[in-house]
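Below you will find the structure I want to go over with you.
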2 protein chains.
Amino acid sequence: MKNTIRKERKKEIISGMYELSRREGLENVSIAKIGKHLGMPPSLVMHYFPNKRLLILGLIDHILHQYQLIYKPIISKLENNPRVDPELLVERLFSREWNLLFDDGVFFSCYAFIFRDQSIKKEYKNLHVKLRVTLKNLLDKDEVLVSGDTGLLAEKIFVVIEGAYYYLSMMDEAREYDQKLELFKNQVYDLIYAEINRIQSGKGMYSSGG
Amino acid sequence: MKNTIRKERKKEIISGMYELSRREGLENVSIAKIGKHLGMPPSLVMHYFPNKRLLILGLIDHILHQYQLIYKPIISKLENNPRVDPELLVERLFSREWNLLFDDGVFFSCYAFIFRDQSIKKEYKNLHVKLRVTLKNLLDKDEVLVSGDTGLLAEKIFVVIEGAYYYLSMMDEAREYDQKLELFKNQVYDLIYAEINRIQSGKGMYSSGG
DNA sequence: TTTAATATTGAATGAATATTCAATAAATAA
DNA sequence: TTATTTATTGAATATTCATTCAATATTAAA
C-alpha cells in the first residue's frame, strides 16, 4: 500500500507531461507547467522526479510502452491463423487506427535524444528489436514461411514500415497520403510473396537470400 | 555590397547555432549562447533574427540545404553511365561518407518540428521529394529501367534508405550495424533486379507493378 | 561633407527556468 | 499511543531565457 500512491503519482505526472507535450511540444514543457496542469506545486513534481532528466526518461518509458502496447496486439491478433494472410497482415501493420492514441511528434522529439543519450538509445533499440521478434514469431507460424528466413523477412518488412511513416508524416493531402500508403503496402506484399516464391522454387533467381 | 555583410552575418549566426546544436543538443541552445559562441552580444543575434522562431527556421534551411548538398552529388556522379550499375548505386546511396559532415541528432530534432509547424513540414517534404526526383532522373538514364516505372522504383528505394537510417541510428556495435546495413542494401538490390526482371519478362509474376 | 541607413554595443527588462528548503499534513510502523 | 516515514505545500533561490532600447560606430548615398 505504501508504494501504491507513489507509483500512481508518478504515472499521473508522466501522463500529464505527455498530454502537455502533445499540445505544446516537448521543448515547451517545464516542471512548473506540468505542476500547474495537474494542480500540484512544482516541488511535488520534483519530489517524485528529482531532476528533469528523470522526467524525460519517464516520458520515454511511457511512450515506448504505449507504442508497444498498440503495436503488438495488431500483430498478435493474427496469431491464430495457420497461414499468414499477406493482405490482412499488411493491412494491420499499416493500420495506425491508433493514430489518435499516439503522438508522432512526441515520439520523434524523444527519438532525437538517442543521439545524445546512450541509455535512451538502448531503450529505443530494444523496442524496435522486440517488435521485429514479434513479427518473426508470427511469420514462423506460417507453414510455408517457416522454412524460410523469417527473421530476415521481418527486418525487411519493418524497415519499409518505419521508412514509410517517416515519409508519410510529411504528407498533408489525404489523397497523396493514401496513394503513397498503398505503394508501401504493395512493397511489403512483394517482400512476402517473393519469399514464398523463393521457398517454393528452391533457391530463388535473385539474391533475396542475404 | 550593402546586403553582403548582412547575408554573411546571418550565415555565420546559423552556422554557429548549428555547431552548438551538434555539441549540446538543439534544446539547450539559446540566443545568449549563440552570441557568446560567436563573440557577439545577443542583441546583435536578434538584430538579424528578430525572434527565436526565425532562428530555428534559419537552422532548418541550413540543414536541409546541407542534406541535399551531400546527397545529390552522390547520385549525380552516377549520371554519366549508360546503364545503372545497381551495386555501385546502392553502395553510393548507403555510403554516408558524409556522416562526419552531417549530424543526425540535429536533423531529427528539427524533423520533430514538422508535427507542429506547417511550413517546416513543407520544407522537409520538398527536400524528400526532390531527392526522389533526382534518383528517378538517374534511373531514367538506364536503357532498360527507363521503360519501367522509375518514379515508383525511386519511392521504393528511398523508403528503405530512410527506414534503414532511422533504424541504424539505434545501433551501437559496428558489427551489428554493418550486418544490418548489408541486409538493407540487399533489399534495394532486390528492388532494382525485380524491376529489371519485370520489364524484361513482360508482366511480372507478382504484383510489383503497383 | 552632410545625410541617412545599417551595424554593433551594452545595459536593462520581466518572465520563466530548474532546483532547494523548511514547514505541515497524512499515513504507516512500533 | 508515539515515533517515523512519506506526501504535500508554498515560499525562496539564483540563473537563464527571449526580448527591448538607447547610444554609438561604421558604411553607403546624396
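So you know, we letter chains A, B, ... as the sequences are listed, proteins then strands, and number each from 1.
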**Whole angstrom value for the distance that separates P of dA15(C) from CG of N28(A)** =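 After rounding, the gap between these two atoms is 18 Å.
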**Prompt:** Among the nucleotides dT20(D), dT8(C), dT19(C), which one has an atom lying closest to any side-chain atom of M46(B)?
**Reply:**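 Selected nucleotide: dT20(D).
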**Request:** Verify the contact: side-chain N or O of R9(B) to OP1 or OP2 of dT8(C), cut-off strictly under 4.0 Å; return yes or no.
**Result:**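 True: R9(B) side-chain N/O within range (under 4.0 Å) of dT8(C) OP1/OP2.
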**With sequence neighbours excluded, residues passing ring pair (Phe, Tyr, Trp, His ring centres under 6.0 Å) with Y124(A)** =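 Counting only residues at least two positions away or on another chain, Y124(A) forms a ring pair (Phe, Tyr, Trp, His ring centres under 6.0 Å) with F107(A), Y111(A).
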**Asked** Is it true that the NZ or CZ of K10(B) lies under 6.0 Å from the centre of F49(B)'s six-membered ring and within 45 degrees of the ring axis?
**Response**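 Yes, K10(B) sits over the ring of F49(B).
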**Prompt:** Is K36(B) atom NZ crowded by more than 12 heavy atoms from other residues, nucleotides or ligands, each under 6.0 Å away?
**Reply:**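 Not more than 12 within 6.0 Å, no.
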**Request:** Would you mind classifying the nucleic acid contact of S43(A) as base, sugar-phosphate or nothing, using non-hydrogen atoms under 4.0 angstrom?
**Result:**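 The residue S43(A) makes base contact.
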**Asked** Rounded to the nearest Å, what distance is computed from the NE2 atom of residue H47(B) to the P atom of nucleotide dT8(C)?
**Response**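 The distance from NE2 of H47(B) to P of dT8(C) comes to 7 Å, rounded to the nearest Å.
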**Request:** Starting at atom CG of N51(B), determine the distance to atom P of dC17(D), rounded to an integer number of angstrom.
**Result:**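 Those two atoms, CG and P, are 17 Å apart.
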**Message:** Short of 4.0 Å, heavy atom to strand atom, which residues of residues 33-41 of chain A count as contacting DNA chain D?
**Reply:**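 Per residue number, the list reads P41(A).
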**Asked** Over how many whole Å does the gap from E8(A) atom CD to dT6(D) atom C1' extend?
**Response**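 Computing the E8(A):CD to dT6(D):C1' distance gives 15 Å.
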**Request:** Please check if any side-chain donor atom of T150(B) sits under 3.5 Å from a side-chain acceptor atom of D140(B), or the reverse.
**Result:**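 T150(B) vs D140(B): donor-acceptor pair found between side chains.
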**Item:** Verdict with supporting geometry, E162(B) and R132(B), salt bridge (Lys or Arg N to Asp or Glu O under 4.0 Å)
**Value:** CA-CA 12 Å; E162(B) 285 154 3; R132(B) 282 157 169 79; 2.8 Å; yes
**Item:** Partner of I31(B) by side-chain contact (heavy atoms from CB on, under 4.5 Å), out of L44(B), V45(B), I13(B)
**Value:**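 The option that passes is V45(B).
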**Asked** Centroid-to-centroid, H128(A) to Y166(B), below 6.0 Å?
**Response**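 Yes, close enough.
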**Request:** Mind calculating the distance between CG (L55(A)) and P (dT17(C)) to the nearest angstrom?
**Result:**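 From L55(A) CG to dT17(C) P: 13 Å.
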**Prompt:** Rounding to a whole Å, what distance do you find between I31(A):CD1 and dT16(D):P?
**Reply:**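 Interatomic distance, CD1 of I31(A) to P of dT16(D): 16 Å.
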**Request:** Just call it for Y48(B): base, sugar-phosphate, or nothing, with non-hydrogen atoms closer than 4.0 Å on any strand.
**Result:**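 Sugar-phosphate contact only.
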**Message:** Taking only side-chain N and O atoms of R53(A), does any of them lie within less than 4.0 angstrom of OP1 or OP2 on dA18(C)?
**Reply:**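 For R53(A), the contact criterion (side-chain N or O under 4.0 Å from OP1 or OP2 of dA18(C)) is not met.
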**Asked** Is any side-chain nitrogen or oxygen of R6(B) closer than 4.0 Å to OP1 or OP2 of dT6(C)?
**Response**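 Result: no.
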**Prompt:** Is there a side-chain polar atom (N or O) of S30(A) under 4.0 Å from OP1 or OP2 of dT17(C)?
**Reply:**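 Yes, because at least one side-chain N or O of S30(A) sits under 4.0 Å from OP1 or OP2 of dT17(C).
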**Nucleotide nearest I5(A) when distance is taken to its side chain, options dT20(C), dT8(C), dA7(D)** =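 Ranking dT20(C), dT8(C), dA7(D) by closest atom to the I5(A) side chain puts dA7(D) first.
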